[in-house]
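Basis for what follows: all heavy atoms, side chains included, without hydrogens, waters or symmetry-related copies. If you read the sequence from its start, that first residue is 1, and numbering goes on from there.
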Amino acid sequence: MSAQIRVDIPPAAWTGRNDGDTPEHLRWHQAIRPYDPEASESRCVLIGFASDEGVRRNRGRQGAAAGPAALRAALSCMALSDPMLLEDAGTVAVTDANLEGGQERLGNAVAAAIDSGRLPVVLGGGHEVAYGTYLGVSAAQGRAARPRLGILNLDAHFDLRDEAVPSSGTPFRQILEAERAAGTSVRYDVLGISQPSNTRALFDTADRLDVHYLLDDRCGPTDYAMVDAFVADLLDAVDMLYLTIDLDVLPAAVAPGVSAPAAYGVPLETIQRVCDRVAASGKLVAVDVAELNPGLDVDNRTARTAARLIHRLVCARAVPARTGGQR
């Protein structure tokens, strides 16, 4: 199926270390190609979302609009264990404060990627990226056949604020309201919630909206059984899953380059464990990574960590067959 992806900034050439051109030397920058809707064996397609308009509206530290370029740079030299075709569709950019228009354009791009059989990996951008990614997931042609949508947010914050103007703090409330209005099925789960970073009102909102969550201090190495059960319960209840990773879920020492660094955070080992389980489920249809702020990133730690998670998800993902099973 042909599905064009329209962006504001076309993909740039990738560069990086070159140890050779044969398969055993392959790195991302050697495997990635500009998006071609006719390519049938593409593993994933990267779509940038250069925006921190939502962060500005949420009174956070701006700079996340530079995230897509930093994530691509961090991915470029990562070595691939097996040859695979990767694609870059370019970037949707919010440059005029029209966040809603940018989210709509991102949604169109994500839907086109899913409809063409790819895994869209969206490189944010502030967490306002989530509503744009959701618009694409909800509009994809396969939604009717797999109506039970699950959203797993790895995040220190609920992002359920009730505000007149959408921001990086409102996307999941917007999603839940849109699904309710459409009469469709969605389940929203959050792993890594920081109690001191969310008011009692936000916890009450989460309870009222039937949001499942796991606190950050229940996500350590001794809590793997609880974490595994939390993820398994969501996967068992849905037909398709959208994974969104807000990098402020990680400890500040691991991810300093975010708008709101975590004083506690969820260990990287736990986040990787969750990503592995989601990737192996066969239900993953979209991923986005949010809140990388390169101007605050010490030694590119946050970008490198995020790139490793993306690399692992793309390489490990169980690819659904065209018939709906797995191959």
Side-chain angles (χ1 to χ4, degrees), residues 26-29 31-32 35 41-49 67-68 70-89 109-110 113-114 117-125 127 129-130 133-134 136-137 140 149-155 189-192 219 227-228 230-232 234-235 238 240-250 254-255 266-292 302-320 326-327:
L26 206 60
R27 299 177 187 272
W28 270 69
H29 73 90
I32 202 154
Y35 172 72
E41 296 301 322
S42 176
R43 187 74 174 179
C44 76
V45 56
L46 302 182
I47 305 168
F49 186 66
L71 287 168
R72 287 183 172 102
L75 281 166
S76 64
C77 284
M78 291 200 161
L80 295 163
S81 58
D82 298 296
M84 62 182 70
L85 175 60
L86 308 166
E87 293 179 304
D88 186 356
V110 168
I114 295 173
R118 275 92 163 160
L119 172 70
V121 178
V122 183
L123 311 176
H127 215 170
V129 67
T133 303
Y134 157 75
V137 172
L149 171 62
I151 300 173
L152 178 57
N153 183 18
L154 309 184
D155 198 340
D189 287 18
V190 195
L191 184 146
C219 295
V227 170
D228 290 349
F230 182 85
V231 175
L234 172 61
L235 289 171
V238 302
M240 57 195 301
L241 186 78
Y242 154 39
L243 174 66
T244 178
I245 305 172
D246 187 324
L247 295 168
D248 71 18
V249 73
L250 292 159
V254 177
V266 177
L268 177 59
E269 294 84 354
T270 302
I271 296 299
Q272 179 171 280
R273 185 181 183 91
V274 171
C275 289
D276 287 349
R277 276 150 179 73
V278 168
S281 70
K283 296 183 177 182
L284 181 63
V285 296
V287 178
D288 61 36
V289 176
E291 298 290 349
L292 171 61
T302 317
R304 291 176 183 272
T305 300
R308 180 173 172 118
L309 291 172
I310 293 168
H311 172 85
R312 195 170 181 97
L313 280 162
V314 169
C315 293
R317 176 184 177 239
V319 183
Q326 295 184 20
R327 63 183 181 190

Can you measure from [atom1] ([X]) to [atom2] ([Y]) and round to the nearest 0.5 angstrom?
X	Y	atom1	atom2	answer
Leu243	Lys283	CG	NZ	14.5 Å
Leu152	Leu241	CG	CG	6.0 Å
Ile32	Asp88	CD1	CG	5.0 Å
Cys77	His29	SG	NE2	5.0 Å
Tyr242	Thr133	OH	OG1	4.0 Å
Leu71	Leu247	CG	CG	7.5 Å

On a heavy-atom basis, which atom in [X] and which in [Y] lie closest, and how many Å separate them?
X	Y	answer
Gly48	Pro68	CA-CB, 4.1 Å
Ser76	Arg27	O-CB, 3.9 Å
His127	Asp246	ND1-OD2, 3.1 Å
Ala74	Ala303	CB-O, 3.5 Å
Gly192	Val266	CA-CG2, 3.6 Å
Ala31	Leu85	O-CD1, 4.1 Å

**OP:** Can you sort out the partners of Thr270 under side chain to side chain donor-acceptor pair (under 3.5 Å), two or more places apart, ordered by chain and number?
**Re:** none
Subject >> With sequence neighbours excluded, residues passing side chain to side chain donor-acceptor pair (under 3.5 Å) with His311 >> reply: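 With neighbours one apart ignored, the set is Trp28.
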Which residues pass the side chain to side chain contact (heavy atoms under 4.5 Å, CB included) test with [X], sequence neighbours left out?
X	answer
Ala89	Ile5, Tyr35, Val45, Ile47
Gln272	Asp276, Arg308, Leu309, Arg312
Leu119	Cys44, Val121, Leu284, Val287, Arg317
Ala140	Ile114, Asp115

Is any side-chain heavy atom of [X] less than 4.5 Å from a side-chain heavy atom of [Y]?
X	Y	value
Thr305	Ile271	no
Met84	Leu26	no
Ile245	Leu313	yes
Val122	Val110	yes

**OP:** Dump the intermediate steps for side chain to side chain contact (heavy atoms under 4.5 Å, CB included) on Ile310 and Leu123, then the final yes or no.
**Re:** CA-CA 10 Å; Ile310 293 168; Leu123 311 176; 3.7 Å; yes
Original post:
For Tyr134, which residues count as a ring-ring contact (aromatic ring centres under 6.0 Å, His included) partner, sequence neighbours excluded?
Top reply: Tyr131
Subject >> Set of salt bridge (Lys or Arg N to Asp or Glu O under 4.0 Å) partners for Arg304, sequence neighbours left out >> reply: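 With sequence neighbours excluded, Arg304 shows a salt bridge (Lys or Arg N to Asp or Glu O under 4.0 Å) to no residue whatsoever.
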**OP:** Identify, with sequence neighbours excluded, every residue that meets salt bridge (Lys or Arg N to Asp or Glu O under 4.0 Å) alongside Asp155.
**Re:**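 For Asp155, no residue satisfies salt bridge (Lys or Arg N to Asp or Glu O under 4.0 Å) once neighbours in sequence are set aside.
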Original post:
Can you tell me if Arg43 uses its side chain to pair, donor with acceptor, with the backbone of Val314 under 3.5 Å?
Top reply: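 Checked: pair present.
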**OP:** Go through Asp288 and Phe49 one step at a time and tell me if the side chain to side chain contact (heavy atoms under 4.5 Å, CB included) criterion holds.
**Re:** CA-CA 10 Å; Asp288 61 36; Phe49 186 66; over 6 Å; no
